[in-house]
Structure formats: C-alpha cells, structure tokens
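No hydrogens, no waters, no symmetry mates; every other heavy atom, side chains included, goes into these values.
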Number of protein chains: 4
Amino acid sequence: MNFRSDNTAPAAPEILAALSAVNEAPAAPYGEDPWSRKLDEAFSTLFEREVRVFTVASGTAANSIALASCVPPWGAIICHEEAHIACDECGAPEFYTDGAKLVLVEGDAAKLTPERVTEAVARNARGIHSVQPAAISVSQATERGALYTPAELSALGQVAKAHQLAFHVDGARFANAVAALKCSPADLTWRAGVDMLSFGATKNGALAAEAIVCFDLDRAEEIARRRKRGGHLLCKGRFAAAQLLAYLEGGLWLKLATQANDMARVLGEAAGPFLSLPVQTNQVFIKPGVEALAKLRAGGADFYDWGPPGSGEARLVVSWSQRPEDVEAMRVLLASLR
Amino acid sequence: MNFRSDNTAPAAPEILAALSAVNEAPAAPYGEDPWSRKLDEAFSTLFEREVRVFTVASGTAANSIALASCVPPWGAIICHEEAHIACDECGAPEFYTDGAKLVLVEGDAAKLTPERVTEAVARNARGIHSVQPAAISVSQATERGALYTPAELSALGQVAKAHQLAFHVDGARFANAVAALKCSPADLTWRAGVDMLSFGATKNGALAAEAIVCFDLDRAEEIARRRKRGGHLLCKGRFAAAQLLAYLEGGLWLKLATQANDMARVLGEAAGPFLSLPVQTNQVFIKPGVEALAKLRAGGADFYDWGPPGSGEARLVVSWSQRPEDVEAMRVLLASLR
Amino acid sequence: MNFRSDNTAPAAPEILAALSAVNEAPAAPYGEDPWSRKLDEAFSTLFEREVRVFTVASGTAANSIALASCVPPWGAIICHEEAHIACDECGAPEFYTDGAKLVLVEGDAAKLTPERVTEAVARNARGIHSVQPAAISVSQATERGALYTPAELSALGQVAKAHQLAFHVDGARFANAVAALKCSPADLTWRAGVDMLSFGATKNGALAAEAIVCFDLDRAEEIARRRKRGGHLLCKGRFAAAQLLAYLEGGLWLKLATQANDMARVLGEAAGPFLSLPVQTNQVFIKPGVEALAKLRAGGADFYDWGPPGSGEARLVVSWSQRPEDVEAMRVLLASLR
Amino acid sequence: MNFRSDNTAPAAPEILAALSAVNEAPAAPYGEDPWSRKLDEAFSTLFEREVRVFTVASGTAANSIALASCVPPWGAIICHEEAHIACDECGAPEFYTDGAKLVLVEGDAAKLTPERVTEAVARNARGIHSVQPAAISVSQATERGALYTPAELSALGQVAKAHQLAFHVDGARFANAVAALKCSPADLTWRAGVDMLSFGATKNGALAAEAIVCFDLDRAEEIARRRKRGGHLLCKGRFAAAQLLAYLEGGLWLKLATQANDMARVLGEAAGPFLSLPVQTNQVFIKPGVEALAKLRAGGADFYDWGPPGSGEARLVVSWSQRPEDVEAMRVLLASLR
C-alpha cells in the first residue's frame, strides 16, 4: 500500500498506446510534427481562448521557464513558504531567472491570500535597493491538497494586476483541482487573471509530459527561447505531444483525477478526527501522532512523514492507479486508529 | 525519401516495448527505481570501468550540463566552429555555465587538431583579462560525419592534460562512431583522456533519451545538482532508464547504427565524385551543384542544403529506420547525376 | 542634524590626501602598482596571518563576490531576515552566485544564533530537491547596530564547520565593531572560523573603498576572476588601494569609528527609555512613538523611520564626521522627549 | 619613457581638485546628491538631447551593463574579433547578459563594416536553434586606434535598424575620437543610430569614472537595476559624478585628449615607414621587427609587443600626461630606426 506520491504511478494505458500510434513513420523534428502542431489548438479549445503551449520534461522546468519569462532577474516572486518552487526544485527558478528572489509568505493550507501578497509587495517595494515585486505564483491544488476557488483566484488576480505582477499557477495537480472544483479550466486561469500555467500530466497518467500554457501571447517567443536553452525542446517532440493529446482526449485527464480524488475522500473519511486538513483533492494529511503512524506502517502502509521530525503528521497521496483493494485496506487501517 | 535528419526517425520497436515492460507497477521516483539504479552498472560494464550516468531529455541538455560541470563561468571551451554546441543550441552552454565562452577554431571535416587547440589555448591564456581555457569539446562523429580515431583522441587528450583542460565528447551520434570504428567505447573515451561523454540515443532509436556519462567521478555530484536545476531529473525516471537499457541490450545500439552507416555508404558510393567528404558514418555530404540538387528534389528526395546559400552542397542523413526501397531509389537518383 | 546614514559623510581628510600622494607619477595598472601590492601585506599584518585582499567599489560587490566564491549556484546562504544582503542589494548575491538561495532566519537585534542556523540547515538539507546549505553570512555590526562577541562568532564558526558551511562576515561597519569590542580583528574573523570578510571603509571615512579579505587562500583565484567579471578590477587600482592604506595607517579607521560610537552612546543615553535596543556601535534605534518622532523632526532632526509604517520607531546613525554641535542639539532634543 | 597604456597615467589635477570640492559637507547617498543629479543635464547638453547617465567603476562594467540592458540571454552581440569586450574582459559581457554570445568578425584596424555585420547576422539568424542577433558593438576609437567617421557609424546604424539590433559604442577612448574627428558627440552617437555609449574618462584623466550614456530612455530603468546588482551603484556617488563633471567642465576632456593625440602624431611621423597603421588617435602601432624593438627598449622605451610572439610589432600608447621630454626622446629613438 504505497501512498508516498502520485509520481510513483505507472503511465495510463491510453497514453502509452498513444506513443505507439505516433511511431509509425518519420516525422518532422523540434515541434514541427503534426501532433505538436495540434497542441496549441487542443489547449486553446480546452481553455476557450487562444493559448500557446510548450511541452517540457518536468514540472520544475515548466515552473522555472514560465517564471523566467515573466520576471526580470531583479524581480521578486511571491509564493507560499511551502511552495514546490521554493522547497523542492533545488533553486531551479533562481537558475532560470538569473537570480530572481522568491519571497516567502505564510498561509493556511499552503495558500496565498490577497492580504499576504499585498503585505509582501509593500515590504519589498523600496526602490532600487530591494528586488522588484514581479510575480505571484500559487499551486493549484496546493502542496497541502487545498484548492483556490475561482473567486479566490480572481481576488489574487486583481492584486496582481494592481501591482503589475505576473500571475503564475503551478498546476502539477491541476487535473485534480479541476476535477474537484468541477469548473472550467478557463475560470481557474485566464478569467481570473492568470498569465502562465504549468500544466501537469506526469503525476496523473503521463510518462513525462508537462506543458507551459501561456495566456500572455507576447511572452511566447521568450518561452520558446528559454525552453531551447534549457534543453527542453525535444527533437522527437511528437512523443511528448502525443502524451498530452491522449491525456486530454475524451476527458481522460479528468477521469483519472476524479478516480484519485474519490479514493482520497474515502481515506479522509476514515481518518476522521485525525485529519490535519479537509481532503479536497488527492492528498490526505493526517496527524494521529507518532505511535499511530508507526501502527499504520506496521499494517503495511507506506507514506511520508510531514512537518518537522516528531510532529506525528503524515501525507498520503492517492494516484489514479491505486488498487481498490489497497485503498480499502488503508481505509480499514485508518479507521482502526479511532 | 526523407534524408533530412536521423532525428525524424521513429523509435525502435525494442525501445518502445521496454516502456510497457516497466509500466506494470508503481516504482520509486527521481531515479530511485530499479531501472535507473541499473544504469550505472550497465554503462560501467560497457565502458569497462566505473562510471556515473545521468539521463536527460536532450543532447543540448547533456552537452550543457556536462560542460557546466567542468568549466567555471570564466572558462573557455575550445570547440570547432561548426560544433553543435556552438551553432545549434541557442546558447545553452553559455546559459548552463553562467557565461563561459566558446572559443571557435577551424578544422577539416569539423574536427579539432592538437595544433589548433594548442594555438587557441595560447591565444586565450593572458591572465586575468582573458577567459581561462578550461575544456575541449569534440563531436564524435562530427557535424560533418567524420571520425576521430582513438589515436587522434589520445593526442587531444594529451593536450587537454598538458593544459589542465577537461575533455568532453558530444556523442549525439556516438553509436555511429563506435559502429564504424569497431573499437571499444573505452578506447574512444576515458582511455583517451575523456572526462565527460554526452551519450546520444534519440537519433538512433530512442524516443527521448540522452545520457551524460561521467568518467571523472568527482564531478558526479555537481552534475546531479545541475541536472535537477535544469529540470532534467524526471520523477518517472524509469522511462528514460528503460530506453537506455533496451538500447544497450544485446548490442541494439550498434546494430541500429551499423544499419544506418551501411546504407549511407551505399549512397556515398553512388554519389562518387560529388562527395564533399568521405562517408565515414551515417551522414553523406555531396556537392553536385545547385542544378543537380534541384534534380534530386524533383526526383522525390528531401534533404537540407548545406553551407552558404548557393553553395550547391547538401547533407543526406541516413537513419537506422530508412526503408531499403528509399535508399535504393536515392542511390539510383544519385548515380544518375554522374 | 542629519542622522540618516553614515554613508552621507564626507571622506576623511587623511584619505583624500592619500589620493594626491599616489598621483604624482604614472603607475602600473590593474593592481600591479606599488600601493595595491602593499595591500596584502598591510592586511596580513592587521589580521596577524596571511590574507589576500581584493578591493571593490561597493559593499554590495564585496558581499556578492565573496559569497559567490564560496557557494555553488545550488547552495543556500543562511542569513538574518534583515541582513543587508537579503534586503538592500537588489538581489546582487543571487546574481553573482548564479542563483543561490538566501535562507532567512529570525533573531534578536538582527543576529544569528547557532540554534537558528542549525535549524535552518536541517530544514534545507533534504538531498537533491532542496538547495544545499553552503554558507553562513552575518553582519558585524548588525543592521541593528548589535555586536557578536568573539565567543558568539566562534560558536557560529563551529556550526559552520560541523556542516561544512563557509562563514562570511559583512563588515560594512567592521571598524565600529572592532572599536567597540576592543579586540583583535583576528579574534573577530579567522580565529572564529571566518573564511571571508567584506571589510568596509566607505561608511567610515573613505570615498569608495571596500575590500574582500580572504582567509581561505584557496578561494583567492576565484575571487580575482569574479571581481574582474563584475567590472571591479580597476585599471587605476592605486586610488582604491591608497584609500585603504590611509584608512589603516596609524589606526585611523579605529579612531574614526570610536568617534562615531562615542557620539552614538551620548544619544543613546539621552534617549534612555525610548531605546529599542542597547547602543553598541554607531546606530541608535529609538521607539518613542509617531508623535515624538514628528517632534524630533520639527526640532530639525533628519533620520529614517524604521519598521513598518506607523511603528513609531526610528534609526539614528552617527558618522565619524558628525559635528559636535549637532550631536549636542540632538541630545537635547532626545532628552526633551522624556 | 612609459608608453604601455594610457591607464598608467595619473589623474588630472582639475579632477582631483573636484573631489575636494564636493567633500565639504554631508550629501545624500546613492546618486541623490547634487552632483549626481547634475549628470543627466550635463550630458544631455553635451549630446544635444535628453540622455540618462549612469556612473560605474570600470569600462568593463559600463560595456557589460549596457549590453545586458539591450540584449536577451539568447542574443548575439556582433563585434570585432579584437574588441575589448571579446578579448579583455574575462567574459564579463557573458556574465552580465546571462550567457549571450559574442559573434566575432574580422575587419581592418579593428573596425566593423556593414558588409561583415550583415553577413554575421545572416549566419546567425537560423531560428530557434541559433542565438538571435541582437546588438552591434563597436569601439570608438578602436583597439587599433582607428576611427569611425559619422558616415561610417550611420551606415552601421542603418544595418542595426534594418535587423532590429541595438547599437553600442565602447568609448573607452571616446574623447580621443571626438578630439580627432572634431565633430559633435551627437554625430558620433545617437544621430548615427547609437543606443548606448560607454563613455570613458579613466584613461584620459579621471581616477575611476566611466559612464553609461543611454540614448534609448526606455532602457534606463533596466540599466539602473543591473548597475545596482553589479555593485556599481555607489553610496558616495558624488565622487564619481564630480570626476565626470570636472572632466566635461570647460572642455577639459577634449583638451587632454588633444594633447595625447598630438603627441602620438609626432611619434607616428617619426616612425614613418614602420607604422603598421596610420595614427588617428593616441595609439601608435609600429612594426619595425624584433631587433628594432629591442633597440627601442635598450634606449629606455617601455611598451607592449603586439600580435603573436615574434611578430616584431608593438603598440605605443600616449596619454595626456606624457612628459614632452619623454615624447621627444621617443621621437628621436624612433627616427633612429630608419
């Protein structure tokens, strides 16, 4: 019963099959193949407006290249102190931006609020001596599995606009968010003022396919250049494109995310009083104490502790591919703690 | 009859099959899976000594990360003026190295010679005001399809050692080189003084799998860090590892490269007097004049012109996947020019 | 009565005179002149061991180049959240280091403690995904005018050593610290484990002369290269060297700093209950409330508010050049608040 | 008789005196002092239009920050293969631009021609795979002491405009050029299409004062930010400003440059048939052979050899401060070679 991360999941069969389908003949390299050329259209349809899409090999690359394309080296990127870009990318955003600064703010459930952002802007807007606030970056769903509603995003979008900040969304688990919120991808992005989205597929069924979805078309050329210089323009780009097309085809992405979210909810209900946060997507945070966690592990569960050593908190991540019998066994284990 | 580039080829069936084989169950992320863990061993066996291997998504990433790991920002990388790192990577080496300088030298068939390198070192070793010669980078096979013999590489390796330069090989077509030279990969690398090899697989049968093979083990940690920051540490690393393992398995890599080289030789013989260079690997450079090239295109051939506009030169690249009937048709077309 | 900052002070007459003295004849450029050549010796004498000294044009340059020479791009620099390098250099350390990360910690009087540093190391040492703790940077005196004793520095030095961190001191006001602590510069630096010191002179009597004092001789070549690339190797380096030599000559630096510290103490005594922090060097932090600050200004005092708007706190900085009558007038004004 | 470089010269008395004049009282820091505030106006008058001026500590900083402010990281800067930015700045332009590429072209007397530039643009404009031509940089006077006429600069300016390239002039010896050409600074810069000028004063009488003169006002904010991050925004900026104001005052800059040029012409006439290039400014290139150079040195002359070892060529640089008796002695020595 492995609930360590959704990145341990295999690839969805539909996506693996798509690789074979595009492999039948030679095709033009570097994004000039028919599949890569379909990407802009497919995502424009999905987002109900014209967008430009750039595939990259990892979420770290998507986040870093997107941010570098809307933040000058002397810019500040305001994000949550638990954000993936701040804690888990070994400084990749600083590398790609040539040394921009991540300004970290606190917030429940790893969420930013307009108040915190406004305060961070004020604190960092002291002319030439401080960095220049240049972007907001939020994760949707957050590192704590929480969601921003369209209204919450719009409020952040207004703060961004008021202070001339770019607005970036790290959507490593965007599918889980859309599936849970049951709203339009457009409402969670450009309609709320979002300029750039890191659209994740790898955690939810792809082999290795992430995309930068660019709503600010003036930035597209810069993204293309930065992607190339990062080594993320693939000569056989069709294999990345095919994964993304299959991922969207027939709503597969939402089907897989819904599976994961539903199973996580089951675990959340079982954990009941031990939940540290409400379960909104496919991550379950529990805080039953150190001994209880040991008991879960003794029962065959595998997962990461969370927070500082000895906190007695843990994270369970449920992927689309989780076996129902494992989820049921975990449910029983969790229920036994009560 | 598409002879534009070997990067238009599909993936080899064996490699595609390997993806399915590793997809049956969850696996640890970020290179901790069983397949990724086998890579060091598989390449250590291949190279007859301990090596460390790092998969990345493109040859540009392999070259740039390898170079950044052995050259300081104030270093000079001595390479041929037609080198891929100099002409085709949009400045990625400069980006990853934080601004090292590529010092370009001339040479027949896109090859470096010890004399040219020595001269370039002397020209750039003027203390604090000039950059500091820090590495040699050669392509094997070169951008003109030519080969360095083990003796030639050793001579360059000695120059490198004498001037404390790192020695990097861009092996985007390393398989074609090894297949043609019929010598040990060790003889073409560390035995000749090579510190880092960009080991390509994508052009010769993989979907997207390149590797940095690191012979200077002290540099491994730095490569790991730079790979992460470049966004090239994949969470589902097993899919990249599986491609490389299948590529090596049973000598598939040499089988595919030999196929390509053999077909190129056939075209080279047909081109006869119009060859601009002897055919050593899977690239055929011909210079029959502008009108003859038009005639080839009228006959159904697709390829890139080479050199400045109006030069009447062209490049034909033969991949492992070329259909025999296409090669035969091309042979006839070429022969008809004489 | 201008107490805004010691950087508004003129240059000391002795230092200005030194410029004329070195101007009598041509001299070798780029640090090969007799005065530049004396610097290493003069500072080695001062610090009671062999050091290497590099002049630069600003404290920002000194800090950034020093840090870049002991921290890899993927490194973390642990510093106080109010540190000059974090708040007042527009991201220069990130620029020079190619994107290293400043990890901010809290602490009274802008001071780091071993406990906070240890905790920050633990929080950021999570393998390849997090940046790698690589340096501690402290300001002596701090941004709040406070001091580290030799024992406190040694304790930090031990933490640094235990975790293989470089140890950097931002000594923009190092003279004020040495003058106040009345101890050996050696005790405040290398004897406590310090590897690099940004030695400031500009705030305390020079025109524009800061120096990187390098105790880790292996790093000297890297500093030289980074200085050159930053544009801080001056062709007429003797003018910077002459300022520093005059600054040290006959203990001028300590004489000027003592003057400033003494006058600050007078103001601190006058401020009495309104002091937010004890006065240790030449900075006086008072918190008499918004109205009282308005009263001071109405009385002719010029200074910066401190902290968030409306905090009622202010900073008075006393330079060596403050006129006694201004200090007396300020003393009377402060006393009138009680 | 030291003819090594004009950077060995002392500072002009007028400029040294200006330092004392601004030192009488405290002044606002970071360019807010009265002298710094006068700079824009003084240079706007000089250039007959509105400009923005930024002082920095070295020509390397001026060139690098100017270029970084008009070239993206993926840009190419077209310059002469002997350009100071290419050969003598240890890669500073690459550092400040985050890895832009210098594309080197040949040309007599270290000069660029429209033809060479056009050819370099064509060679490097191959879409996403190559860097993007983004700027032309020329030196006025060149590294060989040669001059661009206003007409020549305009022709380059038109090429720049046609290809959307920024146009930068390295004016380390701009004074010598203006003095020799006897034309308006405006004609040699913005009227010819120049966007950025590195305006040198250090080689011609200042202690350490260079300025970026920015004609493209939209770039000013970026220059300010990059200057700060490079550590070149000085807290006591008035000392740099005062040097520049004194340099311009009453045409001092042209008086000093004329002195140097005139003395160089005398040496050039003496060298007669041994001149490798006509003497246009304050540099004299002679090629009398190895033995003749030894003879000059035996006669007491000090200078640098030029070109590859054994070339028998040398460079004599004449500064404003050269003693007439030294010039006369050198004249006699040179004449004796004939």
Query raised in the report: Quick one: CD on D/E119 to CD on D/E115, what's the gap to the nearest 0.5 Å?
Result: 11.0 Å

**Report entry** Residue from B/E210, B/Q140, B/H168 passing side chain to side chain donor-acceptor pair (under 3.5 Å) with B/S198
**Finding:** B/H168

Report summary line: Looking only at B/T97, B/T60, B/V131, B/D88, most heavy-atom pairs under 4.5 Å shared with chain D are made by B/D88

Requested in this report: Among D/H129, D/H84, D/E89, single out the residue with the greatest number of heavy-atom pairs under 4.5 Å to chain B.
Outcome: D/H129

Query - Side-chain donor/acceptor of D/T142 to backbone N/O of D/A146, under 3.5 Å - result: yes

Report task. Report the distance from atom CZ of B/R116 to atom CD of B/E81, rounding to the nearest 0.5 Å. Result -> 8.5 Å

Query - Atom group of B/L102 that falls short of 4.5 Å from chain D, counting heavy atoms - result: side chain

Report task. Measure B/R126 against the heavy atoms of chain D and call it side chain, backbone, both or neither at under 4.5 Å. Result -> side chain

Report summary line: Among B/G91, B/A76, B/S130, B/P309, the residue with the most heavy-atom pairs under 4.5 Å to chain D is B/S130

Query raised in the report: Hey, is D/R144 close enough to D/E313 for a salt bridge, meaning N to O under 4.0 Å?
Result: yes

